[in-house]
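Numbered from 1 within each chain, the chains take letters A, B, ... in sequence-line order. Just the heavy atoms: all of them, side chains too, but no hydrogens, waters or symmetry mates, feed the values below.
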There are 2 protein chains.
Amino acid sequence: MDHSFAEADRRDAAPDMPARTIDRILSAAARLFAARGMAGVGLREITAEAGVNLAAVNYHFGSKEKLLEALFLRRAQPITAERMRLLALCAEGPGRPPMLEQLLEAFLRPAFSLGLEAGVDGATFGRLRARLAVESEELYRRILAQAFNPSTRAFLEAIVQTLPEVPRAEVEWRFHFMLGTMIYTMADSGRIQSITDGRFGTCDVETALAKLLRFLGAGFRAATPDG
Amino acid sequence: MDHSFAEADRRDAAPDMPARTIDRILSAAARLFAARGMAGVGLREITAEAGVNLAAVNYHFGSKEKLLEALFLRRAQPITAERMRLLALCAEGPGRPPMLEQLLEAFLRPAFSLGLEAGVDGATFGRLRARLAVESEELYRRILAQAFNPSTRAFLEAIVQTLPEVPRAEVEWRFHFMLGTMIYTMADSGRIQSITDGRFGTCDVETALAKLLRFLGAGFRAATPDG
DNA sequence: GTCTATACGATGATAGAC
DNA sequence: GTCTATCATCGTATAGAC
């Protein structure tokens with residue numbers, strides 16, 4: 001039930017072919033899950049693509065859902081680490097963007113740059129995350145919270161402090177709205193192409209980030225009726 | 001393949017027990033899908049709850065996914081109809097909110113009031129919609145586009161016209177962001193409770209709408225660098 | 001400890017009798 | 001239209017080989 005993945009990061013000399021069974025499963029699963037969804041791909045296809053036996057998944061991870069959880073935690077960790085690193089670099093100063101925009105960028109950029117464009121199995125991590133975010137099952141929400149809540153709370157506190165004129169409850173709502181725009185944009189649901197007749201995609205991280213920062217900055221600073 | 005549901009709205013005298021097989025399936029499926037997700041409920045459970053034969057679903061709808069599509073279109077239509085009705089009522093005038101806020105409310109309110117709080121099977125329509133929105137499979141995106149694009153485009157055009165100082169491309173991005181906040185908030189993913197230690201839920205439609213309007217209004221009006 | 005082969009119950013889908 | 005019977009496939013579990 002409680003397998004240890006502590007040594008799973010060790011790789012062999014061959015760079016293009018992970019030697020360990022666990023890594024090959026994770027890699028194949030990440031590619032297939034993100035491409036066709038959790039329900040759209042079977043365990044047999046994953047193990048075939050990974051070149052391992054069918055039973056290996058349940059042996060190493062316990063279940064298909066546990067495989068998803070391991071996969072998610074593995075990719076979420078670099079995002080939260082980079083977020084905290086960038087958060088520590090935020091500071092007021094002449095010639096720097098306003099503090100709020102620094103915080104928003106520090107929060108958003110790792111999710112986009114590490115979630116959307118890194119390698120073959122990172123290209124669709126955003127979609128996987130989005131799918132988890134709107135899932136009603138308790139398990140998925142637990143995975144998300146466990147992976148992201150610590151860094152998320154740190155940013156919420158920082159934003160509350162930079163917006164003293166906005167009540168804390170209001171900031172929390174707006175933070176929630178920000179998560180929606182972030183996740184929906186990362187999922188790149190194709191709606192924006194559909195609405196704009198294909199003129200836009202969200203593949204360009206820098207463009208999406210710039211648009212997001214302008215939109216969210218204004219939203220967070222919006223005046224409140226009771227001061 | 002192309003079954004007609006034109007007469008499906010006709011009900012018999014008994015108000016608490018839909019007579020037609022199709023209606024009974026739709027009603028049972030809506031309740032179960034929304035409660036436990038598309039993957040979490042089987043065809044046998046749906047047909048048992050509806051009191052019909054297992055094969056009836058595939059006979060009347062073609063597949064489990066087609067059943068989902070029919071269910072979704074049936075609930076989406078009142079939303080788009082109400083949106084268009086409210087859109088026609090929007091007008092500049094003394095004592096009225098700014099045009100942008102009128103448009104946003106006309107777009108958002110039907111999705112929340114008809115999607116979140118109507119009856120037993122409407123309570124979780126938002127979650128079902130959110131799940132469709134972030135799905136990568138072409139089928140689901142087709143369902144969503146088909147259900148909502150016409151009214152969505154009408155609102156996009158209206159918003160573009162009320163914001164002459166914002167480039168059209170920027171408005172399209174911001175409209176996309178709005179869809180993200182709306183869908184994420186409707187899905188009520190539990191993240192806001194998780195972040196704020198349970199102080200908030202999104203069950204109160206009027207509160208959520210008020211917060212959304214303030215946030216989105218400011219976001220849409222945000223200044224752009226090139227005028 | 002890892003890995004393999006194989007079997008089990010349940011699922012969505014389908015064919016054909018009524 | 002509605003039924004029963006049946007199918008391939010799914011996730012999972014386990015016995016046993018290295």
TODO: Report the C-alpha distance between A/T21 and A/N53 in whole Å, list the side-chain angles of each, state the deciding distance to 0.1 Å, and finish with yes or no for side chain to side chain contact (heavy atoms under 4.5 Å, CB included).
DONE: CA-CA 9 Å; A/T21 300; A/N53 186 270; over 6 Å; no
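B/N58 has its CG atom 14 Å from the P atom of D/dT2, to the nearest Å. Atom CD in B/E45 sits about 9 Å away from atom P in C/dT11, given to the nearest Å. Distance, B/K64 NZ to C/dA10 P: 16 Å, rounded to whole Å. Atom pair A/R24:CZ and C/dT2:P shows a separation of 16 Å (rounding to whole Å applied). Note: CG (B/L67) to P (C/dT11) measures 16 Å, nearest angstrom. Protein atom CD1 of B/I25 is 13 Å distant from nucleotide atom P of C/dG12, rounded to whole Å. For A/F61 and D/dT12, the CZ to C1' distance is 16 Å, given to the nearest whole Å. The CG atom of A/L68 sits 13 Å away from the P atom of D/dG11 (whole-angstrom rounding).
Ring geometry for B/H176 against B/W173 counts as perpendicular: the plane angle is over 60°, on a 0 to 90° scale with 30° as the lower cut. Ring planes of A/F215 and B/F177: tilted class, angle from 30 to 60°.
With sequence neighbours excluded, the residues satisfying salt bridge (Lys or Arg N to Asp or Glu O under 4.0 Å) with A/R174 are A/E170. Residues passing the side chain to side chain contact (heavy atoms under 4.5 Å, CB included) test with A/L213 are A/L104, A/E105, A/L108, sequence neighbours excluded.
Among pairs with a residue in residues 47-61 of chain A, those fulfilling salt bridge (charged side-chain N to carboxylate O under 4.0 Å, His left out) read A/R31-A/E49, at least two apart in sequence or across chains.
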Protein-nucleotides 15-18 of chain D N/O pairs under 3.5 Å:
none

Extract from the structure each pairing of a protein N or O with an N or O of nucleotides 3-7 of chain C at less than 3.5 Å, listing the distance.
residue: C/dC3; atom: OP1; partner: A/T21; partner atom: OG1; Å: 2.6
residue: C/dC3; atom: OP2; partner: A/T21; partner atom: OG1; Å: 3.4
residue: C/dC3; atom: OP2; partner: A/H60; partner atom: NE2; Å: 2.7
residue: C/dT4; atom: OP2; partner: A/N53; partner atom: N; Å: 3.2

Task: Secondary-structure string, 5' to 3', Watson-Crick or G-U under 3.5 Å, | for another-strand partners, for DNA chain C - done: ||||||||||||||||||
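Look at A/E172 and A/R168 and you find a salt bridge, because one of the NZ, NE, NH1 or NH2 atoms lies within 4.0 Å of a carboxylate O, short of that distance. Using a 4.0 Å cut-off between charged nitrogen and carboxylate oxygen, A/E82 and A/R85 count as a salt-bridge pair.
Tested against B/F107, the residues B/F148, B/F112, B/F155 include a single ring pair (Phe, Tyr, Trp, His ring centres under 6.0 Å) partner, B/F155.
A donor-acceptor pair under 3.5 Å links the side-chain atoms of A/S113 to the main chain of A/R109, judged by distance alone.
Here CD1 of A/I46 is found 11.0 Å from OG of A/S27. Values are rounded to the nearest 0.5 Å.
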